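Okay, structure first, notes after.
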Amino acid sequence: MHFGRKLRLAVTVGLSACALSLGLIAPTVSGASSASGTLTFAEGAGANPNWIFPFESCQYCSVDNINQFQDEMFRPLYWFGLGGSVTLVPSLSLASSPVYSHGNRTVTLKLKGWKFASGQVVNAQSVMFFLNMYKALPADFWGYNPGYGIPDQVSSITHTKMAVTINFKAVVNPLWITNNYLDQVTPFPDTWDRTSSGAKSSCATGAYGSASNKVACTNVYNYLNNLSSQTTSYTGKLWQSGDTGPWKLTSFDNLGNLTFQPNSHYSGPVKPKIEYVKEVAYTTTQAEENDLQAGKIDLGFVDPGVLTSPAPAPGKVGPNWGNLASRYNLATGIIWGFNYAPFNFSTKDPKVDAVNQLYIRQALQESTDQAGIIQNVFKGYGFPSYTALPAIVPASMGKAPVNPYPFNLTTAKGLLTSHGWTMTGGVMTCTSPGTGATQCGANITQGYTLNFKLVYASGSPALTQEITAEVADWAQIGVQVATSTESFNSVIGDCSSGSGFQLCMWGGGWTFVPNYFPTGETLFAVGGGFNVGDYNSATMTADIKATDFGHSNLTAYAAYTAQNLPVIFQPEGTPTGEIIKTLHSKIGFVGSPILNFMPEYYYW
Amino acid sequence: MFAYVIRRIIQSFFVLMIVMLFTFSLPYFQTHGIVAPAYTVLGTKATPYNVAVWAKQHGMDATYFHRFWTYATQVLFHFNLGRSYKENSSVWGIISLYVPRTIWLAAVSLILTTIIAIPLGIYQASRRNTVGDYTATGVAFVLYAMPNFLLAMLLLDAFSFHWPHLPNSPPQGVQAWAIFTDPVGFILPVAALTMLSVAGLSRYMRGTVLEVLVQDYVRTAKAKGCSGSRTLFKHAFRNALGPIIVLLGLSIPALLGGALIIESVFNYEGLGIQTVFAATNLDLPTVLGITLLVAILTLLGNLLADVALGLVNPRIRIEGNSR
Amino acid sequence: MTDLTERERERVALLEPADTPITLNADEQIVPMWKQRVRIFVHNKLAIASVLFLLITVGSCFLVPLFHPTNQTNQALTFGLPWNQAPSWHHWLGTDSSGFDELGRIFFGGEYSLTLGFFAGFITIVVGTTYGMISGFAGGVTDTIMMRIIDAFLSIPYLFLLITLISIFNRSTVFLICIIGFTLWWGNARIIRGDALLIRNLEYSQAATAMGARKWHIIRHHVFPNSISNIVTVATFSIADAILFLSALGFLGLGIQAPPTDWGTMLQAGTSQIQNGFWWEIYPLALIFILVVVSINYIGDALRDCFEVRLLER
């Protein structure tokens with residue numbers, strides 16, 4: 001969930017290297033029987049893999065490190081997503097599907113007996129190795145969510161040789177635990193259980209949660225963490241002995257260029273058909289586009305801004321860029337997330353009284369022309385968002401509501417005028433203070449003006465166009481929004497600090513990767529880790545708890561989010577990947593919504 | 001001479017301390033203060049608690065003076081520039097990875113610049129106000145007036161796509177010295193960088209030679225019957241070389257700044273790009289380390305230039321402050 | 001005198017009163033110095049052409065939008081209109097990659113680029129001159145310390161410094177003007193300080209001190225007038241440099257932030273469409289940009305020529 005943010009900026013901006021993770025669905029395996037040829041894959045601009053140890057802090061939890069690098073070698077216990085799907089793929093997982101019992105207070109994971117490259121069987125101890133380390137050092141793993149899930153709600157763990165049983169303190173929603181916690185568990189081999197190149201340790205074998213195990217795991221963590229900081233070790237025996245994936249790393253340089261070759265020990269059903277997979281680094285998107293035109297890469301991406309003909313409809317592919325059309329096919333897909341600009345509900349916000357009024361938030365949402373932005377700025381490669389769910393969700397997870405606030409400047413303006421606001425010099429000014437149904441609302445005094453401030457991330461022409469278009473429309477209804485720009489990261493810092501602005505927009509929204517069950521405990525629950533706008537609603541918190549700990553699906557939560565507008569929902573860009581025409585895929589080419597990169601399904 | 005060099009080195013040391021003090025203090029003026037990089041590094045995990053933990057881990061709870069003292073002693077006595085906040089590397093690791101890549105690029109273009117600019121300047125000065133002089137001046141003016149990235153983009157578009165004869169970038173992941181082993185990929189970046197610096201230098205070159213030409217001793221030499229070319233090369237060249245050497249020494253920061261744009265356009269991962277990434281990510285130890293390094297290079301360049309000046313032109317009383 | 005370079009010493013020699021009568025013709029000596037200078041400048045036809053071109057460009061940027069306003073700020077109004085449209089009767093230079101009229105945008109961006117260049121140049125002059133004069137006139141330890149500070153800043157690449165400052169602080173237009181101005185003045189201060197030092201060491205200046213004239217008097221009557229030539233020349237070059245630096249920032253996405261724009265940001269947007277062959281988004285602006293910077297630089301050169309004492313002899 002955490003690195004999603006970074007990625008999404010990339011997507012909106014059109015830098016989506018990620019885009020290219022093409023998945024597949026058809027099972028037929030034709031083509032070459034032994035691996036041959038070289039596949040060259042373009043990494044996102046300035047996004048180079050630089051960390052191999054899967055138990056990492058958020059400093060390294062990026063798409064380029066996890067989805068495009070570690071996942072090729074160190075497969076998680078449960079694999080999600082194939083082609084355009086986002087659900088559990090049992091055939092690619094290291095364990096059979098989790099079995100919940102005791103009224104969803106217990107889960108049992110049964111391992112399939114696949115093997116590490118070292119020859120060791122992936123058994124319960126390999127899983128315990130990870131779980132022990134997580135218990136000992138929760139804050140050092142990016143997936144940790146204080147008070148939720150694993151490890152904070154785990155009461156005890158028992159295991160036999162090939163099965164692990166986790167008992168929870170409370171009833172949990174199976175979908176939530178499987179999709180958001182078990183998918184992050186990566187089994188580690190015994191060869192990693194050491195505190196120096198020689199000394200064996202007992203992190204994998206110690207008792208879960210015991211003090212001695214904590215010490216052992218901390219020492220092992222320190223050793224592996226330090227080793228991972230030396231990139232020369234990456235292709236070495238220690239790291240590669242933990243390889244459970246279809247690929248092994250055979251070269252890696254500090255600039256982010258690397259080569260994978262098939263892992264001959266891979267136990268999974270789909271063996272690689274390509275001999276070399278090379279990932280190459282880029283300084284800018286334009287440099288990458290130059291290489292595409294020169295035909296130097298097989299899987300790349302373009303900025304939608306250069307496309308001259310728009311997509312016919314959201315999720316559909318339009319004509320390819322003229323310069324590439326003869327050699328490449330354009331591919332798109334959806335992104336497993338949504339885009340938004342949080343309101344600032346913090347008490348430090350000088351205009352918080354206006355932000356607290358639903359009708360004002362509603363007026364802003366109704367004057368946000370998502371369709372126009374998608375058509376013009378994203379060249380049709382985007383979906384409108386109007387709730388905190390991805391554009392398309394499986395029925396098992398719930399149902400998205402009908403957009404309650406469609407774009408309509410007249411209605412939006414009417415909302416304000418009917419609540420006691422009068423346009424004065426282009427700005428809506430409160431002329432009827434009070435808390436009545438036709439009055440401005442609590443704490444809004446006579447003469448209060450709707451002058452807002454918005455801070456957004458600079459450097460992306462698409463985001464700039466999006467924001468300037470919205471500001472122009474908001475001005476139409478009398479809400480004057482002054483903009484200022486900062487670097488992507490500073491915007492997040494400002495959003496979190498909560499002073500001096502009413503809206504902020506980093507451009508990336510949120511991607512539910514790899515927390516594949518799109519709940520809102522991080523985003524909108526009181527005290528949520530990334531509740532940057534300090535949104536505070538008892539109804540919302542209750543709806544979220546019901547999805548995490550009850551059996552309810554996301555329908556109620558999504559409906560309330562759409563209706564109550566904790567944020568202004570923004571259009572969500574979709575990836576625009578380029579695939580060389582001579583490349584084949586067993587599952588077709590569609591951008592993976594959860595950013596998987598699975599070259600084992602490709603062949604020449 | 002020796003005493004002079006020692007004095008200059010001591011002065012340079014103080015200059016370095018000023019650079020360090022300045023770059024070290026800057027982050028204290030950020031919106032989120034000294035902990036601002038925590039938001040960059042932790043991203044969506046930047047809860048107040050996590051930010052506090054991060055700040056403590058990086059010693060940011062200490063006072064300004066304590067932190068500066070720690071940093072300065074660490075740099076001065078252990079040559080340890082610290083560890084990058086963002087990259088998986090020590091600052092030294094970043095420097096030793098990217099500096100050679102950029103240095104070779106810059107050095108090759110600096111040599112080409114010298115080879116082209118000095119004769120061009122002499123030619124222009126000696127053929128003053130001829131068509132050749134006007135053409136050269138005009139071209140230099142236009143190149144100087146062109147934004148670096150525009151020149152690079154136009155070169156790229158012309159020679160890689162319109163008339164596709166040259167590669168659009170050096171191959172990825174090559175060694176720092178690939179510029180010598182695989183020069184084809186470097187033709188465009190080096191050409192762009194060289195054109196930019198020639199444009200800057202040749203203006204000075206022409207002016208300097210002109211000044212030398214009107215000076216008394218050249219007139220005297222002519223009066224004594226020295227031939228034109230002899231005068232030019234024996235006297236004018238020698239005397240004009242001095243200022244040019246000083247200028248070359250001073251041009252190191254500009255060259256690295258120009259390399260930033262060139263690296264970005266031609267997809268060559270070097271120091272410039274890395275600095276931009278580090279700066280925009282608030283990776284302050286890296287910014288600080290690179291700044292110090294470039295400052296050292298520049299000061300060294302200036303010192304060498306002054307020493308070379310003394311060798312080229314013995315009339316200069318080197319014990320004076322040459323600036 | 002020990003603090004002077006060879007070149008500066010030569011210039012002292014040239015400035016010394018004894019030299020001047022020999023180098024000037026008798027009839028020209030009657031003409032006041034400033035008239036001679038104006039005459040030299042006016043005789044330089046290219047310089048006049050440059051001034052005219054600049055006047056026309058600045059005038060167009062600020063005046064044409066008054067008579068023929070085009071939408072350059074309301075992005076929402078461009079929705080539904082064709083983007084990247086080729087030149088037509090309606091849009092003489094077509095529309096850009098955000099759907100705005102390109103010709104109107106050149107004027108619109110020019111207002112910001114030129115204004116910023118002017119103000120940044122102004123800051124450079126004020127700060128650089130003050131600093132240089134204080135340093136040069138004070139001499140001794142003060143001078144050494146002040147010059148070492150300059151050395152420190154000169155040893156950091158401008159662009160690195162600018163990017164770091166922008167990342168750490170903010171990107172408002174006013175801040176951009178300030179930091180571009182403040183990162184350009186070091187070189188200027190050094191030149192002015194050289195002049196101040198030079199003149200301070202001249203005999204008449206020393207004589208003035210001996211006569212008990214106060215320091216500010218010396219500055220006003222001796223140091224400043226002699227430095228004017230350098231100040232004016234450096235000012236012109238600073239404006240050109242500021243415009244160039246702003247364009248480099250525009251390339252990195254750190255230029256003037258929307259809805260306003262500047263020429264660098266526009267050129268960057270144009271070059272990103274270069275492979276699509278949308279020539280109107282890049283070449284017209286590139287031509288104007290280059291001509292503006294060339295003109296400013298040429299005017300600087302011409303000014304230097306007419307202030308250059310040695311050239312007065314001809």
Side-chain angles (χ1 to χ4, degrees), chain B residues 11-12 14-16 18-19 22-23 26-27 29-31 36 141-142 144-150 153-154 157 161 203 211 214-215 242-243 250 252-254 256-258 260-261 264 272 275-276 279-282 287 290-291 294-299 302 313 315-317 319-323, chain C residues 1-7 10 144-145 147-170 187 190 194 240 243-244 247-248 250-252 254 263-264 267-268 270-272 274-275 282 286 289-298 301 304 310:
Chain B
Q11 282 185 349
S12 300
F14 282 106
V15 171
L16 273 183
I18 296 172
V19 173
F22 174 76
T23 34
L26 260 189
F29 298 95
Q30 293 167 110
T31 337
F141 255 93
V142 168
Y144 185 78
M146 225 181 210
N148 300 359
F149 71 91
L150 184 64
M153 292 272 191
L154 293 181
D157 186 45
F161 295 109
R203 288 165 20 132
E211 262 172 34
V214 299
Q215 273 163 12
L250 273 174
I252 290 175
L256 292 175
L260 183 168
I261 304 281
S264 161
T275 313
V276 176
T280 47
N281 282 324
L282 296 182
V287 174
I290 292 178
T291 308
V294 174
I296 291 173
L297 284 181
T298 310
L299 293 170
N302 290 351
N313 197 341
R315 285 192 306 131
I316 293 173
R317 298 205 345 261
E319 65 273 19
N321 180 345
S322 74
R323 276 186 245 117
Chain C
M1 294 285 272
T2 51
D3 256 13
L4 300 183
T5 62
E6 175 204 19
R7 182 145 170 228
E10 277 163 12
T144 309
I145 292 174
M147 279 305 111
R148 293 297 81 79
I149 292 176
I150 296 268
D151 283 351
F153 286 108
L154 276 173
S155 64
I156 308 173
Y158 292 136
L159 215 46
F160 290 5
L161 189 62
L162 278 180
I163 294 164
T164 310
L165 287 172
I166 290 174
S167 303
I168 288 183
F169 301 102
N170 64 62
R190 166 101 45 90
I243 294 176
L244 276 171
S247 79
F251 170 71
L252 296 166
L254 302 174
W263 283 348
L267 280 175
Q268 150 63 12
T271 50
S272 70
I274 199 169
Q275 304 293 354
I282 173 162
F289 185 98
I290 291 167
L291 283 178
V292 163
V293 179
V294 166
S295 302
I296 298 176
N297 278 330
Y298 198 82
D301 269 6
R304 182 163 58 193
R310 275 169 294 184

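What you see is a predicted model, and the numbers here were worked out from it, not measured in a lab.
- Side-chain contact between F141(B) and D301(C) is present, with heavy atoms from C-beta onward closer than 4.5 Å.
- Rounded to the nearest 0.5 angstrom, I261(B) CD1 and L252(C) CG are separated by 5.0 Å.
- Residue I149(C) touches chain B through both its backbone and its side chain, counting heavy-atom pairs closer than 4.5 Å.
- The closest side-chain heavy-atom distance from M153(B) to L267(C) is not below 4.5 Å.
- No part of I243(C) comes within reach of chain B, as not one of its non-hydrogen atoms sits under 4.5 angstrom from that chain.
- No part of I166(C) comes within reach of chain B, as not one of its non-hydrogen atoms sits under 4.5 angstrom from that chain.
- Note: Q275(C) CD to F161(B) CZ = 5.0 Å, rounded to the nearest 0.5 Å.
- Proximity to chain B is absent for every atom of I150(C), based on heavy atoms less than 4.5 angstrom apart.
- Note that the CG atom of L159(C) and the CG atom of L244(C) stand 11.0 Å from one another [nearest 0.5 Å].
- Proximity to chain C (any heavy atom under 4.5 Å) is shown, for T280(B), by both the backbone and the side chain.
- Between chain C and the options L282(B), V287(B), N281(B), T23(B), the largest number of non-hydrogen pairs under 4.5 Å is found for L282(B).
- Both the backbone and the side chain of A295(B) come within less than 4.5 Å of a heavy atom of chain C.
- Interface remark: F14(B) contributes no atoms to any contact with chain C (heavy atom separation under 4.5 Å).
- Ranked by heavy-atom pairs shorter than 4.5 Å toward chain B, the options Y158(C), F160(C), W263(C), F289(C) are led by F160(C).
- Heavy atoms closer than 4.5 Å to chain C are found in both the backbone and the side chain of L26(B).
- Counting heavy-atom pairs closer than 4.5 Å to chain C, the top-ranked of the candidates L16(B), T275(B), V19(B) is T275(B).
- A 4.5 Å side-chain heavy-atom check between I274(C) and L154(B) finds at least one atom pair inside the cut-off.
- Contact annotation for L291(C): neither backbone nor side-chain heavy atoms come within less than 4.5 Å of a heavy atom of chain B.
- Within the model, atoms CG of N148(B) and OG of S247(C) stand 7.5 Å from one another, a figure rounded to the nearest 0.5 Å.
- Side-chain contact between Q11(B) and D151(C) is absent, with no heavy-atom pair separated by less than 4.5 Å.
- Proximity to chain C involves both the backbone and the side chain of V294(B), based on heavy atoms less than 4.5 angstrom apart.
- Interatomic distance, CD1 of I18(B) versus OG of S155(C), reported as 9.5 Å (0.5 Å rounding).
- For S12(B), no part lies near chain C; criterion is any non-hydrogen pair under 4.5 Å.
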